[in-house]
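I have placed the structure first, in the form of structure tokens, so that the comments after it can refer back to it.
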There are 2 protein chains.
Amino acid sequence: MTTPARSRQRGPYARSAERREAIAAAVLEIVVEKGHRGVTTAEVAERAGAREPTVLYHFPSKDHLLVAALRRSDEEQAEADDGGDSDAGLPERLRAFADSVTRRAGVLRLYAALAGEATTPGHPAQEYFAQRYAATVARHARMIERRQEAGLAPPGLDPVQVARQFLATWDGLQLQWLADPSFDLGEVLVAAFRRLTGEDRREARASLTETES
Amino acid sequence: MTTPARSRQRGPYARSAERREAIAAAVLEIVVEKGHRGVTTAEVAERAGAREPTVLYHFPSKDHLLVAALRRSDEEQAEADDGGDSDAGLPERLRAFADSVTRRAGVLRLYAALAGEATTPGHPAQEYFAQRYAATVARHARMIERRQEAGLAPPGLDPVQVARQFLATWDGLQLQWLADPSFDLGEVLVAAFRRLTGEDRREARASLTETES
DNA sequence: GTCTATAGAGTGATAGAC
DNA sequence: GTCTATCACTCTATAGAC
């Protein structure tokens, strides 16, 4: 209203929320292009149309910047999976997700690297991972409970324990796959899900019966 | 034998193999004490009784240094588990190992962080992880085969696939545990092993029989 | 509260002599 | 193989304008 936007590349006094968004977007962009090791506060500032100290005003350290990129990536991912809250075709959805992972190696690397760093007390990513683990475990646990109620999963399982195991398998398999993509990530993941939740027992029972006894 | 060691702190012209060892040991020491973020080439040099360029002569970059620490840690670990090659008390051994993990958080963090980095092509840790994954998967697969032959595990399983899943679960659970050590790592790990290998089926069968049919 | 300008401490890494 | 000397660059901190 006061002054018309000057035709500078570095927009003057962009509202803070926009700035934060622009900065986070810039970080994610660099992560995808060059990997997180290629992120420098200088380039982030450049791409966000700001100066370095401005960047560090919004995110007090480089690690905070990286966490912001992870958060932003999560949001984009969440938008992508919008509709499917049904547990119905779960194995299919798993497989689909595993496929999408293929294209986002840069983010996965960042996720893995930060997951390691984040476990040191006081690290900026600590809260992010604590929340993320807790939320994911809770979500998976609820899903397993529903499957138990539906008779798909055996009632003896501890849903939280299985949820933890499944999350762990997921993260670990991604790592292995990134290191050597010679196996079908979706397939191995779905198989692990079936075994961990005991949903392979129907088929297993037959082969078991003919094996022992 | 030839010349007695001179009583200088910075040994002059220590044989190269010794230098490498001293440097790797210094890195591991710092990792355990302060975490891998606390590793600086300067301090490594100091602890190894050498100068910085000497350190970087043997290990051309900081990442190489970190890999060296990981390798050295593996060796120490291997010595510790020397005797137990029997598959007999495997769950017990798993549990014991999971306990020992508790005391080596620094190394685990480094492992996790590097595992993420290592997936970028050309990274110094790439080879280490490729070898380690391959060796671990092969070792676990052999173990599962033996258990299949012994009638402990169902014959329908793909040993390599299960081995992958188990390794993944292991790595992932360590991460979760480091982020929030509120659960019993050994217990969850053993349970995952049982389910992934189908060795919980005997017990499961009973509960299954009374559940369905 | 939001940003710009400037500056500094510390890092990994290199060139080249011994 | 080991060292001295040096560099380029990154993250971060401070002072102050709007």
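Below, chains carry the letters A, B, ... as their sequence lines are ordered, and counting in each starts from 1.
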Would you indicate whether the side-chain heavy atoms of [Y] and [X] approach each other to under 4.5 Å?
X: L185(A); Y: W170(A); result: no
X: L167(A); Y: R164(A); result: no
X: T136(B); Y: R139(B); result: yes

Taking the side chain of R19(B) as heavy atoms from C-beta outward, which of dG1(D), dC3(D), dT4(C) is closest to it?
->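 The nucleotide sitting nearest to the side chain is dC3(D).
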
Reference residue V27(A); test side chain to side chain contact (heavy atoms under 4.5 Å, CB included); the match among L66(A), T41(A), L70(A) |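 Among L66(A), T41(A), L70(A), the one that satisfies the side chain to side chain contact (heavy atoms under 4.5 Å, CB included) with V27(A) is L66(A).
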
In whole angstrom, give the distance that lies between atom [atom1] of [X] and atom [atom2] of [N].
X: R37(B); N: dG10(C); atom1: CZ; atom2: P; value: 17 Å
X: E46(A); N: dT4(C); atom1: CD; atom2: C1'; value: 16 Å
X: L65(A); N: dT12(D); atom1: CG; atom2: C1'; value: 12 Å

Over-ring placement of R71(B) relative to Y128(B), 6.0 Å and 45° cut-offs | no

Counting just side-chain N and O atoms, does Y57(A) come under 4.0 Å of either OP1 or OP2 of dT2(C)?
-> yes

Do any side-chain nitrogens or oxygens of T54(B) fall under 4.0 Å of OP1 or OP2 in dC3(D)?
->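 Yes, within the criterion.
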
Under the criterion side-chain hydrogen bond (donor to acceptor under 3.5 Å, both in side chains), which of Q77(A), E21(A), E29(A) is the partner of R72(A)?
-> E21(A)

N-O pairing of D200(B) and R195(A) below 4.0 Å = no

NZ/NE/NH1/NH2 to OD/OE distance under 4.0 Å, E117(A) and R109(B) | no

Tell me, which stems hold DNA chain C, with a stem being 3 or more Watson-Crick or G-U pairs in a row and both distances under 3.5 Å?
->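 Runs of three or more consecutive pairs: C:1-18 with D:1-18.
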
N/O-N/O pairs, protein side and nucleotides 11-13 of chain C side, under 3.5 Å:
residue: dG12(C); atom: OP1; partner: V39(B); partner atom: O; Å: 3.4
residue: dG12(C); atom: OP1; partner: K62(B); partner atom: NZ; Å: 3.3
residue: dG12(C); atom: OP2; partner: T41(B); partner atom: N; Å: 2.9
residue: dG12(C); atom: OP2; partner: T41(B); partner atom: OG1; Å: 2.8
residue: dA13(C); atom: OP2; partner: K62(B); partner atom: N; Å: 2.7

